[in-house]
Protein chains: 2
Amino acid sequence: MLRAVNEPVNAPRSQPVDESPDERDAAPRPPQRLRSLVSWQAGKVSTIGARATARHMPLTARADFAVLAALEEFGALSQAELGRRLGLDRNDISGTVTRLDATGSVDRRADPGDRRRNLVTLTDAGAARLQEIQHAADQAQAELLTGLDQAERRALQALLAKLLDAHRPEPA
Amino acid sequence: MLRAVNEPVNAPRSQPVDESPDERDAAPRPPQRLRSLVSWQAGKVSTIGARATARHMPLTARADFAVLAALEEFGALSQAELGRRLGLDRNDISGTVTRLDATGSVDRRADPGDRRRNLVTLTDAGAARLQEIQHAADQAQAELLTGLDQAERRALQALLAKLLDAHRPEPA
DNA sequence: GATTAGCGTTGGCACGACCAACGTTGTGTG
DNA sequence: CACACAACGTTGGTCGTGCCAACGCTAATC
């Protein structure tokens, strides 16, 4: 049943090193106190995912992907609304949209009905770019999930989704 | 093969906004393409965890916690070894150990048997500090895990642990 | 004795999350 | 109508984190 992980945590030893010979070359384990912190685990998983991602695309493509995906799924949005959907600061959205606009992936223009807003629209080029990034992301995802079988992947994803649902109303 | 987890993903709608009235005030959902990326989910969980953590302690305490926990569990270590255990760069360990040494949480001295190394030892003050941080971390953890019952928490933790085990040999 | 490898340190870069301030524009209210 | 108020987009800055590069030192290897 996947071993409880939670266990005691209170087993500090004090020999300077020790290293029994059969784990000399094995991977050094992080301390139990960290291994039992979900927030630490999630952070590590995130950076491993980032490393895998970086092998398939420039890092900045991650922000692009988020914006493009939102536009594809919800249609044209203002930048503030993008921020709310994605859980990002509107400050940071600004830069990403600028980049996407410069490469023609997106069309940004003042909303005629409310000139405070910028209406951001997905272009055909943007849709194509979205597909590219999705492809790279799938590969990175596959690398990240090595070691988990189908059922475990689905379970993990479902649990993370449920956790996130419980926290959603905090955009930034 | 392997794109598992990700269901269709190809259901883009195109109405500019729509917003059915019963979710007008509800939390805006992130796009499906993101919700089906474990690496994105993990990132979000990580930052939500960081926010929760920040409510209970200074952010830098997280790095301190990692180092202190490793020293408590494995005894005195060199900085390079700390890096390997924690999956961190030895560059970054240096700064953390300096901070911990300055506050007396740790004793750093040249290893008499190999003067290239710094032997880092946990002090009593350090052990106390570790307990403090653990306490704060527990509270943050509880906030983060709101919305998951006991069994789900254990399952999530176990799945993350298994995923990490499959990637361990990459310190930096 | 010379080369190679490991260690700790400094300094730099990129990225993400966040906060503060400003000018602009729409929405109220008196 | 004039006014304060709120929302928007932008710029500029801070902090924490993950990386790479280089240096001087020490130990192991040949």
Side-chain angles (χ1 to χ4, degrees), chain A residues 39-40 42-55 57-67 77-84 86-101 106 108-120 167 170-172, chain B residues 34 39-40 42-55 57-67 77-84 86-102 106 108-120 167 170-172:
Chain A
S39 85
W40 179 84
K44 280 301 178 195
V45 168
S46 174
T47 85
I48 292 175
R51 289 204 270 256
T53 298
R55 281 195 288 270
M57 49 172 168
L59 272 185
T60 57
R62 295 186 300 172
D64 297 2
F65 184 66
V67 168
L77 292 175
S78 76
Q79 299 182 186
E81 223 158 336
L82 273 168
R84 271 173 238 123
L86 301 174
L88 299 177
D89 239 61
R90 66 185 211 271
N91 310 331
D92 303 318
I93 297 284
S94 186
T96 303
V97 169
T98 298
R99 185 172 54 235
L100 288 174
D101 187 31
V106 131
R108 157 162 66 179
R109 63 186 54 200
D111 184 335
D114 182 344
R115 289 209 307 272
R116 289 174 301 182
R117 302 183 168 204
N118 284 346
L119 252 197
V120 184
H167 286 273
E170 11 189 2
Chain B
L34 291 180
S39 84
W40 179 84
K44 280 300 178 194
V45 168
S46 174
T47 85
I48 291 175
R51 289 204 269 257
T53 299
R55 281 195 288 270
M57 50 171 165
L59 273 185
T60 56
R62 295 187 298 171
D64 297 3
F65 183 65
V67 168
L77 292 175
S78 75
Q79 299 182 186
E81 224 158 336
L82 273 169
R84 270 173 238 125
L86 301 174
L88 299 176
D89 238 63
R90 67 187 213 269
N91 309 331
D92 304 318
I93 297 284
S94 186
T96 303
V97 169
T98 299
R99 185 173 54 235
L100 289 172
D101 187 32
V106 131
R108 158 163 65 179
R109 64 186 55 199
D111 183 336
D114 180 345
R115 290 209 306 272
R116 291 173 300 182
R117 303 183 166 204
N118 283 346
L119 253 195
V120 183
H167 287 273
E170 15 187 0

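Residue numbering restarts at 1 for every chain, and letters A, B, ... go by the order of the sequence lines. Bear in mind the structure is a predicted one, so any value in this text is a computation, not a measurement.
- When rounded to the nearest whole Å, the span between CZ of B/Arg117 and P of C/dG8 equals 7 Å.
- One interatomic measurement links the two molecules: CD1 of B/Ile93 to P of D/dT17, which rounds to 12 Å at whole-angstrom precision.
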Check: Quick one: what's the B/S/- string for nucleotides 12-17 of chain C, heavy-atom cutoff under 4.0 Å, read 5' to 3'?
Finding: ---SSB

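- At distances below 3.5 Å, at least one donor-acceptor pair connects side-chain atoms of A/Lys44 with backbone N or O atoms of B/Gly87.
- We find the CG-CG distance between A/Asn118 and A/Leu77 to be 12.5 Å, quoted to the nearest 0.5 Å.
- Residues passing the side-chain contact (heavy atoms from CB on, under 4.5 Å) test with B/Asp92, sequence neighbours excluded: B/Asp89.
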Item checked: Protein-to-nucleotide contact annotation, 5' to 3' order, nucleotides 23-30 of chain D [B base; S sugar-phosphate only; - none; under 4.0 Å, heavy atom] -> ---BS---

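- Of the two residues contacting DNA chain C, namely A/Asn91 and B/Gln79, the nearest-nucleotide position lying further toward the 5' end is that of B/Gln79.
- Using a 4.0 Å cut-off, some side-chain N or O of B/Arg84 falls inside it from OP1 or OP2 of C/dC7.
- Shown here are the side-chain contact (heavy atoms from CB on, under 4.5 Å) partners of B/Ala63, two or more places apart in sequence or in another chain: B/Thr96, B/Arg99.
- Inter-axis angle, ends of the helix from C/dG1-D/dC30 to C/dG30-D/dC1, five pairs per end, rounded to 10 degrees: 10°.
- At whole-Å resolution of the value, CG in A/Leu100 and C1' in D/dG9 are 16 Å apart.
- Note on A/Ser94: a side-chain N or O is less than 4.0 Å away from OP1 or OP2 of D/dT10.
- Separating the CZ atom of B/Arg55 from the C1' atom of C/dC18 is a distance of 14 Å, rounded to the nearest angstrom.
- In this structure, CD1 in B/Ile93 is found 5.5 Å from CG in B/Leu82, a value given to the nearest 0.5 Å.
- Remark: B/Arg116 pairs with B/Asp114 by the side-chain contact (heavy atoms from CB on, under 4.5 Å) rule, at least two apart or across chains.
- For A/Thr47 (side chain) and A/Ala50 (main-chain N/O), no donor-acceptor pair under 3.5 Å exists by modelled atom type.
- Here A/Thr53 contributes atom OG1 and B/Trp40 contributes atom CH2; the two are 14.0 Å apart, rounded to the nearest 0.5 Å.
- Side-chain atoms of B/Ser46 never come within 3.5 Å of backbone atoms of B/Ala42 as a donor-acceptor pair (strictly under, hydrogens ignored).
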Next item on the list: Could you walk me through whether B/Arg117 and B/Gln79 pass side-chain hydrogen bond (donor to acceptor under 3.5 Å, both in side chains), step by step?
Entry: CA-CA 7 Å; B/Arg117 303 183 166 204; B/Gln79 299 182 186; over 6 Å; no

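- Shown here is B/Arg108, whose CZ atom has more than 12 heavy atoms of other residues, nucleotides or ligands within 6.0 Å.
- If you measure from atom CZ of B/Arg108 to atom P of C/dC7, you get 16 Å, rounded to the nearest angstrom.
- Computed from coordinates, the B/Leu82 CG to C/dT9 P distance equals 12 Å when rounded to whole Å.
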